[in-house]
Structures are given as C-alpha cells and as structure tokens.
Amino acid sequence: MSNILKRFSFIIICLGIFFNTCQPVFAQKKYADEYEQAGDKAMKKGDYQQALDYYMLGRKFVKQNLSLMYKCGEACLSMHDYDKAEYWYQKVLIENDTMNINEAFPLLYLHLAQSSISNGNIIQAQSFLNTCLMDCNDINIRKQCKAELERIDWIIDNEKPLNFTIKNLGNNINNETSQLNTFTIRDSILFFTTPEYKTKTKDNQTYYTDIYNQIYYSFIDEDYYTPAKKLEWGNINKKGTNCSDFFFDSVTATAYFTYSKEKNNKTITNIYYSTFSNGKWSKPQIFKPTYHKDYSSSHPVIARNNGECIMYFASDRIGGFGNMDIWYVDMIKENSLPVNLGNTINTAGNEITPFYLESEEELYFSSDTHKGFGGFDIFRSVGWKERWTQIENLMQPINSSANDTYPFITDSDNEGYFTSNRPTENNSENKTCCNDLYKFSSNLPDEPTMVSIEKKMNKFNPAFDLPVALYFHNDSPDAGSEKPVTDLSYTDCYKLYNSLTNQYKAVRTKGLDDSVAKNEIMYIDNFINDKLKKGYEKLNEICEYLYSKLQEGNNVTVQIRGYCSSLFETNYNYNLAERRINSVENYIKQWNNGVLKEYMETDAEDNLKKLEIEHLAIGKLQSTSPNPTNLEEKRRSVYLQQSMNERRIEIKVIQIRDNKAFSVD
C-alpha cells in the first residue's frame, strides 16, 4: 500500500468534471487543462497524491501532454516516490520531439538527476547533470547541478560499506505506513511514532480518514519486539492531534514530545512536556523556551555535560543558515533563548533529528545537504553547544540513497536505531513512500570465515542452479570497443543496466495509453527483479561456493558462454561476448577483496591454475532478434524483449577437477 490518503474530496470534484473520451479534440484539451489546474491546486496545498491523481486523469484526454508528464514526476518526487518520478521525467525526454526541454522545464534534468541519485543510479545522474550544464543558463540551477556532481564524486569515493549489520525491526513494529523516531529505556522498552487512521471501502477502493501520528511502545527481548501498543502515559497522546518525537529524561522523569497543527496551509510543530510525579502524569504543557507561533520546533533531546543541561532541537525559525537548523536552549538559566549550533553543523538545507550521546560527547543528526548518498544521511560530530569537530558521515549500510533519519545510539556508538524510507517489502506501489525502523550493530567479521560460508552453502547448488545467466545493456561493457578484454567488472555492467530501468520503461511505453503501458512496465520490473538482480545475487553465491571448494584443496574449472543480440557485425559481437565474459572474470578476481585472485594465477609447480575460467564466446550466432537498418528502429530494437534476453553470459559448467562436473546443456 502506498501513502495513506484522504480522497473523498477528490472523488467529489472528479464527478463535477464531465468525463467522455468521445468528445472533440478541443473538448479533450479543455478537460485535460481542468484536471491539470486541479492538480496544481493540490500541489500548492501539499496533497501530492491527490495532485498525481488529477494529472493522471488529465492524461486520459491528452496522453502526450509533456506538461502533465512533468507534473506527474514533480508530484512523485514530492512524495519521495523516486522510482516513479524518474520514470515520468524520462518519459518527458523520450516523448518529446520538437520542444526545447530546458526552456520548457528548466528543472527537469536537475530533478531527474536527484531522483536517480535517490534510486542509487549515480551513473545516469551524472549524465543528466552534465547535459543540464551544457544547455542551462540559470545560475542557481547550475550551482545546484555542480553541487550534485560533487556529491556523486563523493559517493563514488565512499561506496564501500562499513562492517555494520542492519536489521528491519519486523512486522510487530513496522507496517505499510510510516514509523518514526525510536527511543529506548535501558534497552528494554522501545518508543516510536506510528499513524492511526480509519478506513472505509467503496467500490473495492479503500479510503483513509482521520489520520494522526501517535506514540506507541514495544518491549524488547534481545532481537525480538513485542506487538506494539499505544502509549497511555497521562494525556501525551491526544485524540485528533499529531503527536511525535518522543524523548524521556529519566533524571527529571519528564517526557518531551511534539504536537503539530495546520496554520495558513503550513504545518506548525511545537515541543510539549509532561512530568511524572506522585504517581501521575502532569497535563502536557508547551515548552516555552522553544515556542514560536510562526515557526516549528521539533525533535527535542536533553543533554548534560559538566553540570550543564541543554535541549537540542530542530527548527526553521529565523536566524538560521537554511530551512531546518539544529539549535539548543539552556535548561537551567531562566529566560534562555535558542542558540544556533553554527555552520559546522547547519547548512543552507535541512538539518534535523538530533541525538546526543553523553558518554562520548557526540552529536548525531540528519542532513540533506552535507555530502552523502542521497536524501537525508546521518552524521556525527564531537562537541558541545556551538563548538564542533568536522562532521563525519556514518556511511553505508547505515546511510543509503533514500532518507535516513532519527539516529538513536544505545550504550556505545556501535549499536543503535534509525528511521529510513529505503525500499522494503511493505511498500509495493511506492518503494520509498514510507519509513521503517531499523537497528544497526557492528559485529561483522572483516573477511568471511569458513563457518559463515558453510552456513550460506545451501544458497547455491550447482546441480540445481546451473545455468546462471547474467544480463547486459546494449554494447556493454565498453561501448564501441573492438577489444576482447575490459577493465570493468560485472558489478559495473549490472549497475549500469539497473540504472537504466526507467529509461527502458519510458521507451517501451512511448505513445501508449497508461492502461496499456502497465503491461510493459510490469515486464521490465519482472525482468529486472527476476533475471538481472537474481542473477547478480547468484553470482555472489557462486563465488562463495568456489571459495569453499578451493579452501578444501580442490581445483575448479568454470565455463562461461557469452551471447549477443543481432545488432553489429559478427566479429564485433564475438569480441563483445569476450568482453562480457571477461567482466565476470574480473568480478570473480575482485570478489571479497580479491580472495579468489591467487587461485586464478598459474601455480609454479604444475603450471596449472587452481581456478580456471574457460571462455566460450558465441556472439550473435544463436540470435533471433531483428537487426534493422533504419536508425530509429535500430535504437528501439535495443529495448525489445528478444534483445534483452539475448544480451547475456551463462555460467554453464562448474567442474571440480576430480572429473566431477556440474553442467546444463
């Protein structure tokens, strides 16, 4: 299920717009314009799902309206549905024949690149940003493009994940809606935020109303979390009010939290508190030192150091460096005013969700502007009040290309919780719509031990799993090369192909009605998930299998066959097939910091390799896909199902050299 929505007003308005696809062309344009205007109004109100619904209805009248496609992308981007945003932006480019794109949609390439980064597609993002810089004259857009290119360079230099395990807290805590803001007491009770709502069903459509965030809790038993229950401490949870950002100060037995309300089409959030005394909770009171009637204050955390006590919090009040900044207020001095933490922490963007680890004097927070992997990343700095060391990104796998927020550290900086909207199985329609809660801990060995590999051995069985197919984008790797070798590994080829998912969808749905386009989109999704991604995962399992057999003292031969589609000449395709095999060979050499490489080198005693890779380049000899002569047809043939399935290598045989071979022919 995607974002929880209020949609009754949407249906009423739609009934007021005459819907008849048999109307003349000028009438069709009129109805499309009316839906577009209704969508624009919904966007201004911040109701992005309703806006998208209007834009999609407008497309039923004028399907090749580039403005509607672009606005579909803008609505999806605002909902953090980066995958669909990238698709709609790609469709604008693919469907356009004559329009000057930069003039019509100045932010298109920038927003397309930002969506791609949030999808983890930095290769594509680089290309979009460079294209924008070639044609864009807007200074502010150019500055943003250059900043995003610097971010991409940083991502490329820092892609290797640290040795942390990441665990989703599971269905007792997480569901198809958004969960936020972890806080634990003695690692035995978990507090967090989750929405409550009412549902109604009409014509097989589920509608959601009365949606409000509330504080829930769960008991912790090591890695098990009991089914969540609503917090009933006094009146902290208030009916008909969004309640969030829970923090409990055990020294003063005071709970801090936030209430939010709408004011002039803007959500205003303020910090409240309630104290436990004489067996009961006091009535929630607004925390006056952070209050401002026109600006939000949120994410409170109490911190103590050398006799001082302060509250760190996030706010968009005036006097900051950007939108949301992190501030502090003295909890001891009377009439204390909020103080900004300074530009080491705060930027022109957004800094939110602070947490202070007193034992290490470390501030943890999230930022969407400091260099990171996309969206919000979690950062750390040592200091107090306004004096801070250079910030440090917590890196992958804690941070991702999605939004990673609400850090909460337990007893040490090696374990804690955070919130992320990275894709999960709970979110099928909008992969990044909703937040889940995660736990991290640093308990991974630097290199795989035989015990850990033996535990994984049941993943790959050559007798049942061969052949394993790995797929490639057109003319990949090293497009245009005449050489039979490449410096790239299959990881590079896989990332390129995966990054082109929405381009494939946009090309294959060009000129189609949305109802027909769904089938094409479904085919691409199935190909990427069932063939491309599963093949890549299986390659890692094959390397684990090879490593275990070589550690046992066996000699191993792996036969790899390379195939191509019909495009290009026979000799070129033979070398292309060789490059594809070579890219897989490079992957095997580089796997797990190169532990297999020594086995692929010639043994001085018997002049044989412990791990032999046999190449069999088939090229296009078995291809049945078309090879058109027309340039446009040739370009479109790249995206045909036949071509996609033919551009592959197959690991057909794995032979343990006691003449025991596993193969499929």
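Computed from a predicted structure; not experimentally measured.
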Hey, are [Y] and [X] close enough side-chain-wise for a donor-acceptor pair under 3.5 Å?
X: Asn502; Y: Asp83; value: yes
X: Glu36; Y: Ser67; value: yes
X: Thr486; Y: Asp478; value: yes
X: Tyr364; Y: Glu362; value: yes
X: Tyr406; Y: Asp245; value: yes
X: Tyr55; Y: Asn65; value: no
X: Asp53; Y: Gln49; value: yes
X: Gln179; Y: Thr177; value: yes
X: Asn158; Y: Asn393; value: no
X: Asn323; Y: Asp316; value: no
X: Thr269; Y: Ser260; value: yes

> How are the rings of Phe313 and Trp327 set to each other: parallel, tilted or perpendicular (split at 30° and 60°)?
Replying inline: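 It falls in the parallel class, under 30°.
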
>> Against Thr419, only a single residue in Asn181, Asp436, Asn435 fulfils side-chain contact (heavy atoms from CB on, under 4.5 Å); can you say which?
In response: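 By the side-chain contact (heavy atoms from CB on, under 4.5 Å) criterion, Thr419 pairs with just one of Asn181, Asp436, Asn435: Asn435.
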
>> Here's a test for you: under side-chain contact (heavy atoms from CB on, under 4.5 Å), which of Ile398, Asn399, Leu437 qualifies with Phe418?
In response: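 It is Ile398; the other options fail the test.
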
Kindly say whether the aromatic ring centers of [X] and [Y] come within a distance under 6.0 Å.
X: Phe408; Y: Phe355; value: yes
X: Phe365; Y: His299; value: no
X: Tyr536; Y: Tyr497; value: no

>> salt bridge (Lys or Arg N to Asp or Glu O under 4.0 Å) for Asp475 and Arg647? Distances and angles first, verdict last.
In response: CA-CA 9 Å; Asp475 206 12; Arg647 298 191 302 261; over 6 Å; no

>> I'd like to know if Lys84 and Asp81 make a salt bridge, using a cut-off of under 4.0 Å between side-chain N and carboxylate O.
In response: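 A salt bridge links Lys84 with Asp81.
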
> Under 4.0 Å between a Lys/Arg side-chain N and an Asp/Glu carboxylate O for Lys143 and Asp138?
Replying inline: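 Answer for the salt bridge query: no.
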
> Who are the side chain to side chain contact (heavy atoms under 4.5 Å, CB included) partners of Asp514, not counting sequence neighbours?
Replying inline: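 Side chain to side chain contact (heavy atoms under 4.5 Å, CB included) list for Asp514, sorted by chain: Met56, Arg59, Trp88.
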
Check for me whether [X] meets the cation-pi criterion with [Y], that is, NZ or CZ under 6.0 Å from the six-membered ring centre and within 45 degrees of the ring axis.
X: Arg579; Y: Tyr572; answer: yes
X: Arg422; Y: Tyr438; answer: yes
X: Arg648; Y: Tyr563; answer: yes

> What residues form a side chain to side chain donor-acceptor pair (under 3.5 Å) with Ser400, not counting sequence neighbours?
Replying inline: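 Once residues adjacent in sequence are excluded, the partners of Ser400 under the side chain to side chain donor-acceptor pair (under 3.5 Å) criterion are Asp404.
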
>> Nearest 0.5 angstrom please: Leu52 CG to Leu77 CG, how far?
In response: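 Rounded to the nearest 0.5 Å, the CG-CG separation comes to 12.0 Å.
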
> Taking Tyr504 as the fixed residue, which of Tyr639, Tyr87, Tyr523 is the one that meets the ring-ring contact (aromatic ring centres under 6.0 Å, His included) rule?
Replying inline: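 Per the ring-ring contact (aromatic ring centres under 6.0 Å, His included) rule, the option paired with Tyr504 is Tyr639, out of Tyr639, Tyr87, Tyr523.
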
Please say whether more than 12 non-hydrogen atoms of neighbouring residues, nucleotides or ligands are located less than 6.0 Å from [atom1] in [X].
X: Asn100; atom1: CG; value: yes
X: Asn526; atom1: CG; value: yes
X: Lys483; atom1: NZ; value: no

>> Evaluate Lys534 against Glu537 for salt bridge (Lys or Arg N to Asp or Glu O under 4.0 Å), listing each step before the verdict.
In response: CA-CA 5 Å; Lys534 285 188 177 179; Glu537 292 168 1; over 6 Å; no

>> As a quick check of understanding, evaluate salt bridge (Lys or Arg N to Asp or Glu O under 4.0 Å) for Lys371 and Glu150, giving each step before the final call.
In response: CA-CA 8 Å; Lys371 286 187 174 64; Glu150 289 179 7; 3.7 Å; yes

> Should Ser499 and Gln124 be marked as a side chain to side chain donor-acceptor pair (under 3.5 Å) after you check the CA-CA gap, both sets of side-chain angles, and the distance that decides it?
Replying inline: CA-CA 6 Å; Ser499 74; Gln124 284 286 85; 4.7 Å; no

> Name the one of Gln90, Lys91, Glu520 that satisfies side chain to side chain donor-acceptor pair (under 3.5 Å) with Thr509?
Replying inline: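 When side chain to side chain donor-acceptor pair (under 3.5 Å) is applied between Thr509 and each of Gln90, Lys91, Glu520, only Lys91 qualifies.
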
